[in-house]
Peer 1: 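Submitted below is the structure of interest, expressed as structure tokens.
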Number of protein chains: 2
Amino acid sequence: MKKKTTIYDIAKELNVTVSTVSRALNGFSTISEATRKAVLETAKKLNYSPNKLASSLKSGRTQTIGVIVPSTQVHFFASVIHSIEQTLKNAGYRVLLYQSNESLENEINGVKTLLEAQVDGIIASMSLETENVSHFQDVIKQQKPLILFDRTHKNINAPSVTINDTDAGYIATKHLIDQGYRNIGFVTTNHQIKIFNERFEGYKKALSDHNLPYVEDHVVFGGLSIKDGRFGAGKLLRSAKVPDAIIAGDDFTALGVIKKLKEQDLTPPKIGVMGFANETFSAFITPNLSTIDQQANKMGAECAKMFLKMVKKKNPYEKIEHIILEPLLVERQSTNKNNA
Amino acid sequence: MKKKTTIYDIAKELNVTVSTVSRALNGFSTISEATRKAVLETAKKLNYSPNKLASSLKSGRTQTIGVIVPSTQVHFFASVIHSIEQTLKNAGYRVLLYQSNESLENEINGVKTLLEAQVDGIIASMSLETENVSHFQDVIKQQKPLILFDRTHKNINAPSVTINDTDAGYIATKHLIDQGYRNIGFVTTNHQIKIFNERFEGYKKALSDHNLPYVEDHVVFGGLSIKDGRFGAGKLLRSAKVPDAIIAGDDFTALGVIKKLKEQDLTPPKIGVMGFANETFSAFITPNLSTIDQQANKMGAECAKMFLKMVKKKNPYEKIEHIILEPLLVERQSTNKNNA
DNA sequence: ATGAAAGCGCTAACAC
DNA sequence: GTGTTAGCGCTTTCAT
């Protein structure tokens, strides 16, 4: 393995200095056309490939952004990552990926790792475990752009891109009410993540706006998964007054709810079911699932644009923007009461 | 924004030299316990965070691996990335992500970008467009580990992790035959990617092993998508002898096939349908879809392990290993002929 | 239009 | 056990 070509090799070959080569390579205007051409040719001939590490060390900027998500296995996060990378690569940035796996410890390590790698900024969605957010404060302290999406936290004063989750909860509930359902249950999580609280608030507000009582027995706090959905539905079916519709914390949980209901011959829309997230499968299951679309692609693109905006400011935190996307109601069979 | 602390600041504070600090920080044994402790404390006090860029520049290793996939939106790739990152982070490596979006140009740029970022190796699955592979040869020329997974190419002499796609095609076909289907159609792609050719070979071999004729009209070459599936199914339904089962190139295509069949009141398993990939939704659609699992998580983990093995050799290409995982048959309703 | 040289933060070979 | 110093490859200020 022969040593890699550096600008010194090019300089030597042409009997010029490295500064000339560097300028030629970077398209400075103070270089004679002849020199530039010679440099470019020699670079090609010697198979030169720039070492961005060195220029990063000098400039203090790596053209790399860190992205922290719970898991790429969750389609929503994979989609957000997709658009972040797509958008940012066009602006000359690379994406360094880190998964927290819903663990706070991992997340802390992620921030540390990414900062040590000298990323120019971080885009993150928090783990379910995260309550103390001091690791994220470290990013802000360094005056590097930090953008939070979807799962944010009240104690952190950074820009964010979210959907309006109160609206999301409201819209989901209102949709069920509009369809004629009156006793609406809710299977959600007890984690202290803003979005879940907000959806719950939206749910309560919709009930109250439509003069429906809030029934404590109609809310199940647990985890979010197919299994939790089955469990939640089971619990609701055993409650004093059985709900005629159920909102689940996400589409997987909704799937569990549906499975349970099918077993009891209460296949939706007999009992209405709504999810959150609009996973790929939700359109294809039977009955297909009404849900709230969280605009993953748009969210990723907005995060990327926000980063690009912040990164060119001397003080990125001078004016903190919060972008709130509107949740989209996706009406499907599982809430189509008239066809019950 | 105050300047970041370096080992020089720590050295000055303690009246020692940077080498001492460096040694203490890196746990060299030639440092007195007292000094080490003092350094560690001061580092903490000054909020020191190492600049890995600098050490990478010095050492020539970045502890970063590049991963190139068509798109994180495809669940299979997202899963592979998931395990790669999980496995590699434990070994102290970071993952730099690049999506080709099935475009050769992007893929070429990806390799270039990652090499310029001085990654220690690359794990990649090729775009559908890729026929010329010289950009990948550049990685090998640099003697950096290159590991290809799932979508490989005959012209590239690098380690790979794949599933046995001939077997996959064979197993899928044989399963249908075992279920009693006799006229088996195939909706696949015309792209020159090894895995698709191999599945097709497996399909033909299974037919011949079971004394079934290979009927040219029963094979549709097109794209892979829900739409292509509908189209392919439509074409097969119009053929002289309508097939009683259809294998689709992937689960999305299978979904399209199923939709078309449902419209014609030929809902599987009336006509049997098999997919490839075992996407999340495949278990939840109606009828749920028999498919071939490609062991995404295992594949990612194997890629990561292969990289770790190669990276510690002086000549990583001394002995090129090809890991071939067995495809897993996932039997579900869509091929359950006895329940038709 | 080009050259000389300092320095980004860290490591390591070589002294003492 | 600790210090000195020369780079890693590149950018950039200051000269010429």
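Throughout, a chain's letter reflects where its sequence line sits, starting with A, and its residues are numbered from 1. Quick note: numbers below take in every heavy atom, side chains included, and nothing from hydrogens, waters or symmetry partners.
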Peer 1: For the backbone of A:Gln142 and the side chain of B:Lys4, can you confirm whether one donor and one acceptor N or O come within less than 3.5 Å of each other?
Peer 2: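 Not at all, since once roles are kept as given, no pair shorter than 3.5 Å links the two residues.
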
Peer 1: Rounded to whole Å, please give me the gap between CZ in B:Phe28 and P in D:dG3.
Peer 2: 15 Å

Peer 1: Report the residue (B:Ser59 or B:Val16) whose heavy-atom-nearest nucleotide on DNA chain D is the more 5′ of the two.
Peer 2: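 Comparing both residues, the 5'-ward one is B:Val16.
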
Peer 1: Regarding A:Thr35, tell me which of base, sugar-phosphate or nothing describes its non-hydrogen contacts under 4.0 Å with the strands shown.
Peer 2: sugar-phosphate

Peer 1: Taking the side chain of B:Leu57 as heavy atoms from C-beta outward, which of D:dC10, D:dT2, D:dC8 is closest to it?
Peer 2: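 Ranking D:dC10, D:dT2, D:dC8 by closest atom to the B:Leu57 side chain puts D:dC8 first.
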
Peer 1: Got a donor-acceptor contact below 3.5 angstrom from the A:Glu129 side chain to the A:Leu104 backbone?
Peer 2: yes

Peer 1: How close or far is atom C1' of C:dT11 from atom NZ of B:Lys52, stated in whole angstroms?
Peer 2: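 The answer, rounded to whole Å, is 13 Å.
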
Peer 1: When you compare the side chains of A:Gln143 and A:Asn315, does any donor N or O come within less than 3.5 Å of an acceptor on the partner?
Peer 2: yes

Peer 1: Please give me the minimum heavy-atom distance between B:Thr62 and B:Val119, naming the atom from each residue.
Peer 2: OG1-CA, 3.7 Å

Peer 1: For A:Gln63 and D:dT11, give me the distance from atom CD to atom P, rounded to whole Å.
Peer 2: 12 Å

Peer 1: Would you say A:Asn26 places a side-chain N or O within less than 4.0 Å of OP1 or OP2 belonging to D:dT11?
Peer 2: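 Looking at the OP1 and OP2 atoms of D:dT11, one of them is under 4.0 Å from a side-chain N or O of A:Asn26.
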
Peer 1: Once you apply a heavy-atom cut-off of 4.0 Å, does B:Thr6 come out as touching a base, just sugar-phosphate, or nothing?
Peer 2: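 B:Thr6: backbone/sugar contact only, no base atoms under 4.0 Å.
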
Peer 1: So what does B:Ser32 hit on the nucleic acid, given a heavy-atom distance under 4.0 Å: a base, only sugar-phosphate, or nothing?
Peer 2: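 Sugar-phosphate contact only.
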
Peer 1: Calculate the interatomic distance between B:Asn51 atom CG and C:dC8 atom C1'; express it in whole Å.
Peer 2: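 Those two atoms, CG and C1', are 8 Å apart.
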
Peer 1: Reckon B:Thr20 touches a base, only the sugar-phosphate, or nothing at all at heavy-atom distances under 4.0 Å?
Peer 2: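 It contacts sugar-phosphate atoms only.
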
Peer 1: Could you tell me the separation between the CG atom of A:Leu53 and the P atom of C:dG9, rounded to a whole number of Å?
Peer 2: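 Between P of C:dG9 and CG of A:Leu53: 14 Å.
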
Peer 1: Looking only at side-chain atoms of A:Ile31, point me to the closest of D:dT2, D:dT12, C:dT2.
Peer 2: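 Of the options given, the side chain of A:Ile31 lies nearest C:dT2.
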
Peer 1: Is A:Lys44 salt-bridged to A:Glu41, going by a charged N under 4.0 Å from an acidic O?
Peer 2: no

Peer 1: May I ask you to verify whether the side chain of B:Ser19 and the base of D:dT4 hold a donor-acceptor pair under 3.5 Å?
Peer 2: yes

Peer 1: Using whole Å, what does the distance between atom C1' of nucleotide C:dC14 and atom CZ of B:Arg23 come to?
Peer 2: 10 Å

Peer 1: Can you tell me if A:Thr30 touches the phosphate of C:dA1, counting only side-chain N or O atoms and a distance under 4.0 Å to OP1 or OP2?
Peer 2: no

Peer 1: Compare side-chain N and O positions of B:Thr17 against OP1 and OP2 of D:dT4 and report whether any pair is under 4.0 Å apart.
Peer 2: no

Peer 1: Rounded to the nearest angstrom, tell me the gap between atom CG in B:Leu25 and atom P in D:dT2.
Peer 2: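 It works out to 14 Å between those atoms.
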
Peer 1: Determine whether B:Ser22 and B:Ser19 satisfy the following criterion, side-chain hydrogen bond (donor to acceptor under 3.5 Å, both in side chains), listing intermediate values before the conclusion.
Peer 2: CA-CA 5 Å; B:Ser22 173; B:Ser19 10; over 6 Å; no

Peer 1: If every non-hydrogen atom of A:Ser103 is compared with every non-hydrogen atom of A:Asn106, which pair is closest and at what distance?
Peer 2: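 Where A:Ser103 meets A:Asn106 most closely, the heavy atoms are OG-N, 3.0 Å.
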
Peer 1: Which part of the nucleic acid does A:Ser55 contact within heavy-atom distance under 4.0 Å: base, sugar-phosphate only, or nothing?
Peer 2: sugar-phosphate

Peer 1: Starting the side chain at C-beta, find the nucleotide from C:dG9, D:dT5, D:dT11 nearest to A:Ile7.
Peer 2: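 Given the options C:dG9, D:dT5, D:dT11, the side chain of A:Ile7 is closest to D:dT11.
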
Peer 1: Round to the nearest Å and state the distance from B:Arg61 atom CZ to C:dT11 atom P.
Peer 2: 13 Å

Peer 1: C:dG3, D:dG7, D:dC10: which one has an atom nearest the side-chain heavy atoms of B:Lys58?
Peer 2: D:dG7

Peer 1: At what angle, to 10 degrees, do the two end axes of the helix from C:dA1-D:dT16 to C:dC16-D:dG1 meet, given five pairs define each axis?
Peer 2: 40°

Peer 1: Contact class for A:Asp9 vs. all strands (heavy atom < 4.0 Å): base, sugar-phosphate, or nothing?
Peer 2: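 Nothing, no heavy atom under 4.0 Å.
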
Peer 1: Counting only heavy atoms from other residues, nucleotides and ligands, does the tally under 6.0 Å from NZ of B:Lys313 exceed 12?
Peer 2: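 Yes, the 6.0 Å shell around NZ holds more than 12 heavy atoms from other groups.
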
Peer 1: Give the ring-plane orientation class for A:Phe76 versus A:Phe149, where under 30° counts as parallel, over 60° as perpendicular and anything between as tilted.
Peer 2: tilted

Peer 1: Below 3.5 Å, does any donor atom in the side chain of B:Tyr8 face an acceptor in the base of C:dC10, or the other way round?
Peer 2: yes

